[in-house]
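To start, the structure under review is shown below, and the notes come after it.
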Protein chains: 2
Amino acid sequence: MATESKLPMALRAAYLALHRRSEARFARYDVTADQFVLLATLARGDALTQRELARRMPSDPSTVRAMLVLLERRGLVQRDAHPTDSRARTVSLTAAGRRKFRQLWTAGEPVRAQMLGALEPSEAELLARLLTQVADALNAQSVPAGRSNSHHSQKVEP
Amino acid sequence: MATESKLPMALRAAYLALHRRSEARFARYDVTADQFVLLATLARGDALTQRELARRMPSDPSTVRAMLVLLERRGLVQRDAHPTDSRARTVSLTAAGRRKFRQLWTAGEPVRAQMLGALEPSEAELLARLLTQVADALNAQSVPAGRSNSHHSQKVEP
DNA sequence: TATTGTTATACTCTATAACTATA
DNA sequence: TATAGTTATAGAGTATAACAATA
């Protein structure tokens with residue numbers, strides 16, 4: 001039971017430390033850590049629909065929409081009609097958005113260096129792998145308690 | 001550079017997955033994941049000052065105060081005068097708070113099991129250790145950029 | 001029918017700064 | 001002088017539900 005409670009708290013503490021250090025670094029660019037994640041997600045895969053963007057962040061579509069409104073107002077992202085699906089809109093970085101992202105990437109470098117500096121290279125790889133395993137396991141099953149959804153599905157707990 | 005950007009995102013994804021699964025589990029008790037952390041911190045070390053509670057969570061004193069006001073209103077925590085320092089107030093769980101915490105602990109069990117189920121026992125230990133290393137490294141130095149504070153201090157970046 | 005996105009709404013967490021009272 | 005806590009204030013992110021338009 002020692003590890004059982006330690007692991008979630010350690011995960012939380014590490015993430016919050018990362019988040020706060022990032023916030024502090026990005027503050028002078030008037031961008032939050034979460035906005036950085038959005039910009040970084042767009043930088044890697046431009047012209048996503050809002051839903052796809054939300055899925056990758058990961059976040060809620062209506063949350064992402066609220067963030068996009070803020071960023072669009074500042075000219076960092078733009079939304080255009082989707083070429084084939086006229087319900088959808090594609091989101092991309094503007095030129096200013098790409099510039100901002102490059103600045104932020106540089107500004108965040110010390111934080112990434114500080115994380116990696118605490119680890120052996122092999123440990124960093126391992127840590128990333130273990131975190132991914134944990135995230136996958138937690139996301140694998142979002143069945144609301146009490147509704148058993150059929151035979152196949154990683155049963156974890158009622 | 002692959003790992004350099006992967007690690008922060010993996011950390012974020014794992015934490016958010018944990019946070020959301022926890023929120024879903026705790027929702028029927030009308031307690032948020034962060035409130036659970038506060039209650040758990042009190043359950044482990046009762047009669048803390050607000051500052052000490054904030055330090056352990058970790059969170060900001062004024063954030064903790066806002067949370068305490070909510071929880072106090074619902075009778076889950078109480079604040080009393082500090083025995084020796086009359087500026088300070090001690091925070092503790094009420095009987096109802098302790099009961100609630102036990103319920104929450106049980107409600108969260110499947111989530112913890114799901115995390116640990118994705119890992120070998122030795123991996124779980126290792127993961128907790130690596131996360132602690134990372135958190136310590138990130139917290140070690142919060143020197144505002146541009147102010148070099150003397151000779152000794154883990155220099156990381158200007 | 002299901003899906004994309006919008007709108008309205010509400011609440012928690014977050015944090016800074018100015019303040020009081022005490023150490 | 002420094003510390004514990006309060007207050008005022010502001011904003012971000014979060015998410016649900018009802019809705020329109022389209023697939």
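Below, chain A is the first sequence line, B the second, and so on; all start at residue 1. This one's a predicted model, so the numbers in the text were calculated from it and none came from an experiment.
In this entry the distance linking CG of A:Leu71 with C1' of D:dG11 reads 14 Å, nearest Å. What separates CG of B:Asp60 from P of C:dT12 is a distance of 18 Å, to the nearest Å. Atom CG in A:Leu16 sits about 19 Å away from atom P in D:dA12, given to the nearest Å. Atom NE2 in B:His82 sits roughly 16 Å away from atom P in D:dT3 (whole-Å rounding). Distance, B:Arg89 CZ to C:dT22 P: 13 Å, rounded to whole Å. In this structure, CG of A:Leu68 is placed 13 Å from C1' of D:dG13, rounded to the nearest angstrom. C:dG5 atom P lies 13 Å from atom CG of A:Asp80, rounded to whole Å. Between the P atom of D:dT14 and the CG atom of A:Leu38 lies a distance of 10 Å, rounded to the nearest Å.
Across all strands shown, B:Thr32 has heavy atoms under 4.0 Å from sugar-phosphate atoms exclusively, and none from any base. Among the heavy atoms of the strands lying under 4.0 Å from A:Asp34 are primed sugar atoms or P, OP1, OP2 only; no base atom is included. Residue contacts for A:Glu23: at a heavy-atom cut-off of 4.0 Å it reaches no nucleic acid atom on any strand shown. Counting non-hydrogen atoms under 4.0 angstrom, A:Ser86 reaches the backbone sugars and phosphates but no base.
Inspection of the A:Arg21 and A:Gln114 side chains reveals an N or O donor paired with an N or O acceptor under 3.5 Å. Checked by atom type, the side-chain pair B:Asp60/B:Ser62 shows a donor-acceptor distance below 3.5 Å. A:Gln133 and A:Arg129 share a donor-acceptor pair across their side chains, judged by distance under 3.5 Å alone.
Interface remark: the B:Ser62 side chain does not form any donor-acceptor pair with the C:dT14 base, using a distance-only criterion of under 3.5 Å.
For B:Phe101, the ring pair (Phe, Tyr, Trp, His ring centres under 6.0 Å) test picks out B:Phe36, with sequence neighbours left out.
Taking a 4.0 Å limit (strictly below) on heavy-atom distances, residues 40-57 of chain A does not reach DNA chain D anywhere.
Close to D:dT6, at under 4.0 Å from its OP1 or OP2, lies a side-chain N or O of B:Arg79. At the phosphate of C:dC13, neither OP1 nor OP2 sits under 4.0 Å from any side-chain N or O atom of B:Arg65. In this model, the phosphate group of C:dT3 is not approached by any side-chain N or O of A:Arg87 to a distance below 4.0 Å at OP1 or OP2.
Minimum heavy-atom separation, B:Thr94 to B:Val77: CG2-C, 3.7 Å. Of all heavy-atom pairs spanning A:Ala128 and B:Ala10, the tightest one is O-CB, 4.1 Å.
Between A:Thr63 and B:Ala88, the residue anchored closer to the 5' end of DNA chain D is B:Ala88, taking for each the nucleotide with the nearest heavy atom.
Cluster membership check: A:Leu68 shares its hydrophobic cluster with A:Tyr29, using side-chain heavy-atom separations under 4.5 Å among Ile, Leu, Val, Met, Phe, Trp and Tyr.
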